[in-house]
Amino acid sequence: MPALPSASILDHRLQPVPALLVLAALAALPSLFEATDYDFYTGVASRMLIFALAATSLNLVLGFGGMVSFGHAAFIGMGAYTVGILMQSGSTSAWLSWPLAMLVGALCAAVIGAISLRTRGVYFIMITLAFAQMLFYLMVSLKPYGGEDGMSLMQRSDLGLGLDLSNDSHFYYVVLAVFALVFWAVARLLNARFGHVLQGIRENETRMRALGFAVYRYQLVAFTLSGAIAALAGALLANQSSYVSPAAMQWSQSGMLLIMVILGGVGYLYGGLLGAVAFLLMEEVLIGYTIHWQLYLGAVLLLVVLVAPNGLLSLPRTLRRCARARRAAPAQEKP
Amino acid sequence: MNTILILEQLLNGLQFGLMLFLLAAGLTLVFGIMDLINLAHGSLYMLGAYLIATIAAASGSFWLGLAAGTAATAVLGLVLEKTTIQRFYKRDHLSQVMGTFAILLMANEAVRMIWGPQPLQLSPPDALAGPVELWPGFFYSAYRLFIIAMGLLVAAVLYVLITRTRIGMQVRAGASNREMALAMGANVRWLFSGLFVFGAVLCALAGGLLGPLLSVQVGMGESILILAFVVVVIGGIGSIRGALLGALLVGLVDTAGRTLIPVLFRQLMAPDIAASAGPAVASILIYVLMAAVLFFKPSGLFPARG
Amino acid sequence: MSTLLEVSQLETAYGHSQVLFGMQLQIASGEVATLLGRNGMGKTTTVRSVLGLTPARSGQIRFRGERIEQLSPDRIARMGMAVVPEGRQIFPNLSVRENLQAFAAKRNQHAQPWTLERVYALFPRLQERHRHMGNQLSGGEQQMLAIGRALMTNPYLLILDEATEGLAPLIREEIWHCLAALRAQGQTILVIDKYVQRLIALADQHTLIERGQVVWQGPSEALASQPELWQRYIGV
Amino acid sequence: MNTQAQAPLLDVVDLVKQFGGLAATNHANLRVAQGELHALIGPNGAGKTTLIHQLSGALAPTAGRILFQGQDITAMPMHQRVHAGLARSYQITSIFQRLTVQDNLALALQSRLGSSMRFFRPARAERRRYEQADALAAQVGLAARLQHTAGALSHGEQRQLEVGMVLALQPQLMLLDEPLAGMGAEESERMVQLLLALKTTSTVLLVEHDMDAVFRLADRVSVLVAGSVIATGTPESIRADAQVRQAYLGDEGSAAMAAAASTGVAR
Amino acid sequence: ADQVKIGLLSTLSGPGAALGVDTRDGFNLAVKQNNGMLGGIKAEVIVVDDQQNPDAAKQTTDRLLKRDKVDFMTGVVFSNIMLAVAPPVFANKTYYISSNAGPSQLAGAQCNPYFFSASYQNDNLHEAVGQTVQDRGFKKVALLAPNYPAGKDALAGFKRFYKGEVVLETYTPLQQLDYGAELSQMRASGADAVYIFLPGGLGVNFIKQFNGAGLGQDMTLFGPGFSADEDVISAVGEPMVGMFNSSLWAHDLDNAANKRFVADFQKEYGRLPTLYAAQGYDAAQLIGSAVQAVGGDMKDKEAIGKALQAAQFDSVRGPFTFNTNHYPIQNYYLREVVKGADGKVTNKLIGTVFENHADAYVGECKM
Ligand SMILES: Nc1ncnc2c1ncn2[C@@H]1O[C@H](COP(=O)(O)OP(=O)(O)OP(=O)(O)O)[C@@H](O)[C@H]1O
Ligand SMILES: Nc1ncnc2c1ncn2[C@@H]1O[C@H](COP(=O)(O)OP(=O)(O)OP(=O)(O)O)[C@@H](O)[C@H]1O
Ligand SMILES: [Mg+2]
Ligand SMILES: [Mg+2]
């Protein structure tokens with residue numbers, strides 16, 4: 001009679017073997033593109049990884065902390081602007097600008113989070129949107145940094161280490177390394193005490209408080225961390241496109257990030273990565289075929305949400321359940 | 001002269017606010033009562049406007065267009081609800097976001113394919129095309145006055161419907177606890193369909209009424225959808241009263257901000273800084289308003305669910 | 001007396017874990033029946049299946065002579081079944097009065113239909129709180145409201161799933177009296193509760209279940225005379 | 001029991017909680033002495049849960065003071081109160097529905113370990129904590145359910161888990177809001193036994209409508225009516241109080257007392 | 001090479017879509033007239049949407065440059081997108097032929113050998129209206145433009161030639177569609193003329209609301225050519241009659257190239273061409289002339305540059321030469337919206353404001 005024991009949803013295993021395989025495959029990409037004379041796609045791949053990083057940061061608060069931030073594009077933008085503004089004033093070192101970008105992102109997130117976390121649910125969604133819009137319009141009004149036009153960067157950051165970031169392959173490897181590192185750190189964090197608390201809050205905030213956890217503090221720390229990671233993604237993005245503009249901070253961008261995470265799987269460790277890659281890949285492919293690509297993109301998204309309500313990563317589980325139900329069904333026939 | 005300006009701005013704010021209310025009312029009902037985050041709400045607004053504009057152009061009558069287009073949107077809303085939206089009721093908010101976002105993308109593209117990328121033309125009925133002289137020296141657009149009247153009418157009807165009728169109660173009950181409402185004998189399915197269609201009708205009405213002022217174009221739903229969400233949240237989710245107040249607040253603040261802030265800034269700082277900072281600040285005013293409201297009242301002005 | 005509810009060979013599962021294994025239950029019109037068993041034995045699940053909320057995998061359910069196992073919960077409810085569910089399930093966003101009025105109906109045409117006034121007379125507390133929202137009530141007040149809400153539909157079959165949970169002794173007494181009065185009026189009732197002695201005094205027949213199966217069925221006198229049964233299946 | 005001599009563990013002074021025009025707590029005064037099991041009874045809607053809410057920090061009182069171990073905690077946030085040694089259960093079950101029973105309890109135990117700002121070491125590596133969780137589950141009768149999601153437990157089992165989470169915190173003062181509600185006779189009995197055992201280590205403020213249990217367990221009983229404590233005393237004196245019988249007990253009190261007396265003799 | 005690849009990046013979705021569509025149609029018409037060729041070799045035109053979003057435009061540009069390896073780029077309507085797209089295009093040493101956007105930066109300090117404008121410098125049309133309003137003796141003017149670079153350039157251009165009093169100068173967000181607040185201010189300001197720079201759908205809305213509010217009775221409305229172009233006229237209709245606007249081209253401009261263009265365009269698409277269409281058409285012709293001159297050798301960048309500078313093609317706007325900053329020196333005309341004899345509302349050419357007019361930034365260009 002008793003239900004089968006179910007696996008704990010608090011665990012998010014990195015699954016080292018597949019992870020390393022994926023990493024190896026990703027590392028092989030640039031040479032593959034070069035060999036086939038498609039080196040343009042190295043840039044596309046960098047971009048996907050950067051968005052995967054951003055989506056992972058969003059998934060940290062959204063999927064594991066239950067905080068639906070509708071303003072993450074603002075943190076990306078703040079990271080990008082940090083790099084852009086520093087470059088305009090002559091500092092091109094990545095060792096200065098990237099950490100500083102994270103700091104700026106963390107600071108913005110801390111302030112925004114401190115106020116927004118007073119609210120819950122959809123109110124939280126909207127208040128994060130509000131703050132993101134304020135930052136957006138702030139950048140629009142800052143004429144010295146290009147205002148609505150944005151600013152073009154003259155070069156990519158200097159990293160040293162014998163790497164030339166203006167080389168697309170080098171840049172790609174750096175992005176990959178950054179992504180892998182952050183991803184690993186996030187995985188550790190989720191399985192550590194902090195991660196359990198964060199997920200406990202997502203499940204039942206009141207109970208967490210009654211158990212003696214300082215809910216607000218944990219949420220704020222998670223939000224701040226997430227802001228820092230998003231800003232790092234922004235710093236990379238500014239480098240990737242050599243261009244920074246408020247357009248990257250618009251609510252529609254925050255929305256896109258949300259869609260990526262939902263597509264991949266909210267609360268799945270690999271949700272951000274898979275979602276970002278799947279989304280951008282679809283876009284890349286569809287744009288090539290038809291000007292009405294949004295129609296098909298919409299159709300695919302709708303299909304995904306209908307068959308795999310919890311994102312692509314929930315698909316295997318759903319299929320397994322279907323299969324089991326089918327196997328179980330005939331057994332019920334006999335009296 | 002100055003009082004006239006202020007009065008006119010008040011009317012503008014009122015008109016804009018009431019239109020926002022039409023959208024926000026549907027949104028807050030669908031959202032607060034059916035617990036469905038419907039990003040495609042703006043698409044219904046767009047589709048309504050397109051249908052109304054098309055029928056009005058074909059028949060040459062704005063009124064016929066408004067009536068038939070609204071009816072057509074209602075049918076469209078029903079079809080949409082029965083085929084897709086219905087599947088999202090039991091889902092969490094995030095799948096709703098993605099599902100309705102997908103619908104939004106498809107609606108935009110479909111409209112572009114059917115009607116082309118150029119905006120459609122929808123003119124106000126001749127009788128309302130010009131200005132009226134409210135009192136000597138004060139002219140105001142007759143059409144905008146008409147919108148104000150319509151908005152107030154809808155607000156009154158809605159309020160009674162939701163708070164005073166048993167249907168309204170059952171719908172609210174179904175929202176908070178669908179299973180229990182079913183167990184009490186409510187036909188939640190049809191209640192929700194009805195409510196969704198009702199929201200679609202309000203959308204179409206807003207689209208048709210705003211069409212002659214704004215352009216009927218692809219993507220017209222998105223920016224206004226965000227505003228409608230702002231209104232809903234300021235007012236308190238699920239509260240019609242809140243939606244009305246929030247809409248008026250947003251309408252007035254936005255209008256006032258656009259006129260007053262640049263003037264203020266021009267007096268305070270160098271003209272070129274004022275020229276760029278003024279409009280930017282005016283744009284964030286409603287977001288500041290929302291953030292401030294939520295800071296002091298984290299569940300909006302009239303939280304419907306205690 | 002005719003049979004109002006007849007459940008036979010009911011098998012119900014949540015996902016892949018089966019809970020009911022051939023449940024049987026018969027309630028005649030005008031009768032008060034109980035369902036007794038330990039925690040987690042399937043009492044609530046039986047109720048949910050009867051109401052159509054957790055549809056049965058197999059088996060038959062007849063209500064007022066019709067097969068209902070395929071019907072949706074709202075259809076079943078409109079045929080005249082009402083429940084006071086486990087955990088109250090008050091509508092938090094409706095006021096007390098709205099909770100009572102929203103689904104009021106006269107499904108069973110008896111002489112003394114339940115009205116707002118009668119419910120208020122039964123639970124004066126609710127009248128005092130009539131403008132409170134559902135979630136602004138104390139636990140016991142919510143329980144009263146849940147009972148009142150079910151009565152307001154004037155059902156043929158009233159199901160009470162631990163309806164006295166969280167009620168003060170005095171009010172609990174009130175409920176027992178009320179149920180007795182209802183019974184006298186000819187109301188058919190299915191009760192799930194833990195106060196066996198009270199139920200023996202109140203009800204006509206009892207069903208003891210264990211692990212989703214009926215282990216004993218019989219009239220009050222029989223149950224009263226076999227305390228070892230309770231010991232074994234209810235743990236009293 | 002001579003509890004008046006030492007300072008009370010919990011001292012509620014003239015507490016008021018106003019919901020609009022309604023005073024749900026109306027100048028309530030209550031003292032809970034160290035080591036006692038103090039039952040709080042009263043009609044539905046008397047304000048018991050509201051009082052618990054204020055004691056635990058879920059609601060801020062309109063006026064009055066709450067002293068815990070002599071310290072004024074009226075304005076202290078909820079989580080700090082837990083660490084000060086004050087924990088509660090909920091009348092309306094509040095558990096982690098999607099987590100396993102084990103995780104539910106382990107998370108509760110984690111709270112006692114001080115800060116959870118640990119970002120690196122896997123929490124699962126803390127074997128001891130999970131063993132404690134298992135023991136705790138056995139204690140509340142959920143040993144067989146360890147790996148089941150809490151949401152799939154029956155109502156009564158969820159109530160058991162609810163109590164288990166409070167036990168995990170090992171508070172000095174435990175606020176239990178109708179822990180027996182929804183439990184079957186057998187489970188109730190087990191819980192009563194559990195509470196009897198607890199009495200030796202912990203102070204308990206118990207809200208309960210099950211008079212049988214109250215009179216078996218309580219050292220002292222306070223009666224709350226319309227937001228005010230109208231009487232405090234030994235179970236016997238409360239049972240005998242005409243006012244209490246009229247407002248709350250009806251004739252069940254005597255039956256329960258008799259039952260408690262007889263079981264007491266039997267043991 | 002046996003073919004020339006052109007990346008046409010334009011705004012094909014969103015509120016500004018109509019402009020991009022006309023640009024594309026004008027460009028395609030020129031290719032079509034040449035049986036799919038430009039400058040004697042096959043022309044492959046890759047049309048892509050910039051979504052009116054600089055970031056997306058930038059991505060798409062990368063794809064055009066690096067994956068499709070286009071020889072020329074053209075099509076951008078909005079200046080902010082132009083400024084985002086320009087650096088990678090120039091870095092890639094690909095020629096950009098502007099079919100509309102003409103930001104002052106690219107005319108002055110940031111002028112570039114790889115940039116040629118087959119349109120105008122943003123300020124020019126506004127300068128022409130400024131001159132007109134000045135000439136016609138209006139004393140108080142209210143100005144309105146969206147809050148983006150071209151909007152600010154526009155009003156600066158107007159004021160360069162208008163010397164009277166500016167009683168109101170308003171910038172609105174680019175997405176704003178309702179001008180109720182601004183109209184009230186205009187009424188209050190007591191202006192006798194209004195100058196608006198509102199591209200695409202924005203202008204349509206404004207003019208409708210302007211008339212709805214009854215301001216048309218007290219104030220004369222002026223605009224740059226594209227605010228009163230055929231697309232706007234078809235959307236607004238009668239209320240537009242009487243609006244003055246400046247342009248570097250008109251559909252009734254009397255020259256052979258234009259006659260053929262207008263006739264073919266109408267035949268092909270069933271509507272009157274707009275300024276955008278004309279500029280798209282001219283951009284194609286300019287590219288064709290350069291390809292012809294180098295005999296289809298796309299590798300010889302320097303020769304292509306020289307050939308572009310020579311501008312050896314029959315512009316639909318009559319005389320056309322490039323200044324040293326690769327912006328045109330051309331005539332600017334005044335048009336008025338009238339109701340024709342057939343009852344149709346359309347633009348009518350009523351005079352020339354400037355002859356052989358250059359832009360104000362050429363001096364800053366060190367090229
Ligand atoms: N939603 C669910 N998913 C999976 N299993 C469930 C679910 N609800 C109940 N169960 C399981 O079904 C069994 C029977 O539960 P049910 O609620 O019917 O018991 P009950 O007899 O009403 O108990 P109680 O007296 O505690 O209310 C229990 O073992 C429980 O764990
Ligand atoms: N948020 C609220 N807003 C308004 N009134 C409330 C609110 N919460 C509780 N009340 C009212 O305060 C009174 C006390 O409620 P409380 O829940 O404390 O009662 P209780 O003694 O725990 O009752 P029970 O035994 O039924 O659980 C009730 O009459 C209730 O209606
Ligand atoms: Mg049960
Ligand atoms: Mg209570």
Side-chain angles (χ1 to χ4, degrees), chain B residues 28-36 82 86-87 89-90 159-195 232 235-243 298-306, chain C residues 44 47-55 71-107 131-137 142 145-146 148-159 161:
Chain B
T28 205
L29 288 181
V30 168
F31 181 10
I33 292 185
M34 292 154 59
D35 204 27
L36 171 83
K82 285 286 172 203
Q86 214 174 46
R87 294 165 201 269
Y89 293 148
K90 283 190 209 148
Y159 186 75
V160 171
L161 196 70
I162 292 303
T163 58
R164 295 278 182 272
T165 68
R166 262 170 47 124
I167 296 265
M169 291 176 203
Q170 295 196 355
V171 168
R172 278 184 286 149
S176 66
N177 190 338
R178 185 188 171 89
E179 193 169 74
M180 196 57 221
L182 279 172
M184 294 305 298
N187 193 332
V188 176
R189 201 172 258 228
W190 277 104
L191 280 178
F192 278 21
S193 301
L195 193 64
V232 167
I237 294 162
S239 160
I240 290 289
R241 201 158 41 126
S299 312
L301 293 174
F302 294 101
R305 294 193 202 171
Chain C
T44 300
V47 169
R48 290 181 59 88
S49 288
V50 168
L51 285 164
L53 292 172
T54 306
L71 298 185
S72 64
D74 55 317
R75 285 281 301 283
I76 297 173
R78 285 198 298 273
M79 284 175 70
M81 205 186 287
V83 65
V84 177
E86 190 174 77
R88 311 173 190 95
Q89 317 264 2
I90 288 305
F91 299 115
N93 52 345
L94 266 59
S95 68
V96 167
R97 185 206 290 262
E98 287 173 338
N99 261 292
L100 292 171
Q101 281 179 332
F103 301 93
K106 292 213 176 62
R107 293 186 178 134
R131 296 185 67 166
H132 275 56
M133 286 313 211
N135 59 352
Q136 296 175 331
L137 294 181
Q142 290 187 7
L145 184 55
R149 180 179 64 180
L151 291 175
M152 287 288 284
T153 69
N154 290 294
Y156 285 95
L157 175 63
L158 177 65
I159 303 176
D161 192 353

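Per chain, numbering begins at 1; letters A, B, ... match sequence-line order. Below, each value reflects all heavy atoms present in this structure, side chains not excepted, and no hydrogens, waters or symmetry copies.
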Arg107(C) portion near chain B, given a 4.5 angstrom heavy-atom threshold: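 Contact with chain B is through the side chain of Arg107(C) alone.
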Any heavy-atom pair between the side chains of [Y] and [X] that's under 4.5 Å?
| X | Y | result |
| --- | --- | --- |
| Arg149(C) | Met180(B) | yes |
| Asn99(C) | Met169(B) | no |
| Gln170(B) | Phe103(C) | yes |

For the student: nearest non-hydrogen atoms of Arg172(B) and Asn93(C), plus distance: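 Looking at all heavy atoms of both residues, the shortest contact is O-ND2, 3.1 Å.
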Nearest atoms (heavy-atom pairs only) where Ala186(B) meets Asp74(C):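 Looking at all heavy atoms of both residues, the shortest contact is O-CB, 3.1 Å.
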Salt bridge (Lys or Arg N to Asp or Glu O under 4.0 Å) partners for Arg189(B), two or more places apart: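 Here no residue qualifies.
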Crowding at CG, Leu71(C) (>12 non-hydrogen neighbours, <6.0 Å):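 Check passes, neighbour count above 12.
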Lys82(B) NZ: over 12 foreign heavy atoms closer than 6.0 Å: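 Counting other residues, nucleotides and ligands, NZ of Lys82(B) exceeds 12 neighbours.
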Interatomic spacing from CZ in Arg75(C) to CG in Leu182(B) - rounded to 0.5 Å: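 Spacing of CZ (Arg75(C)) from CG (Leu182(B)) equals 13.0 Å.
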Worked verdict on Arg166(B) versus Glu98(C) for side chain to side chain contact (heavy atoms under 4.5 Å, CB included): CA-CA 8 Å; Arg166(B) 262 170 47 124; Glu98(C) 287 173 338; over 6 Å; no
Pick from Ser72(C), Ala77(C), Gly134(C), Ala82(C) with the largest number of heavy-atom pairs that fall under 4.5 Å of chain B: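 Most pairs with chain B among the choices: Ala77(C).
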Heavy-atom pairs under 4.5 Å with chain B, option from Ala104(C), Ala105(C), Ala102(C), Pro155(C) with the top count: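 Result: the option with the highest number of such pairs is Ala102(C).
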Salt bridge (charged side-chain N to carboxylate O under 4.0 Å, His left out) pairs, two or more places apart, involving residues 174-187 of chain B: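 Residue pairs with at least one partner in residues 174-187 of chain B: Glu179(B)-Arg48(C).
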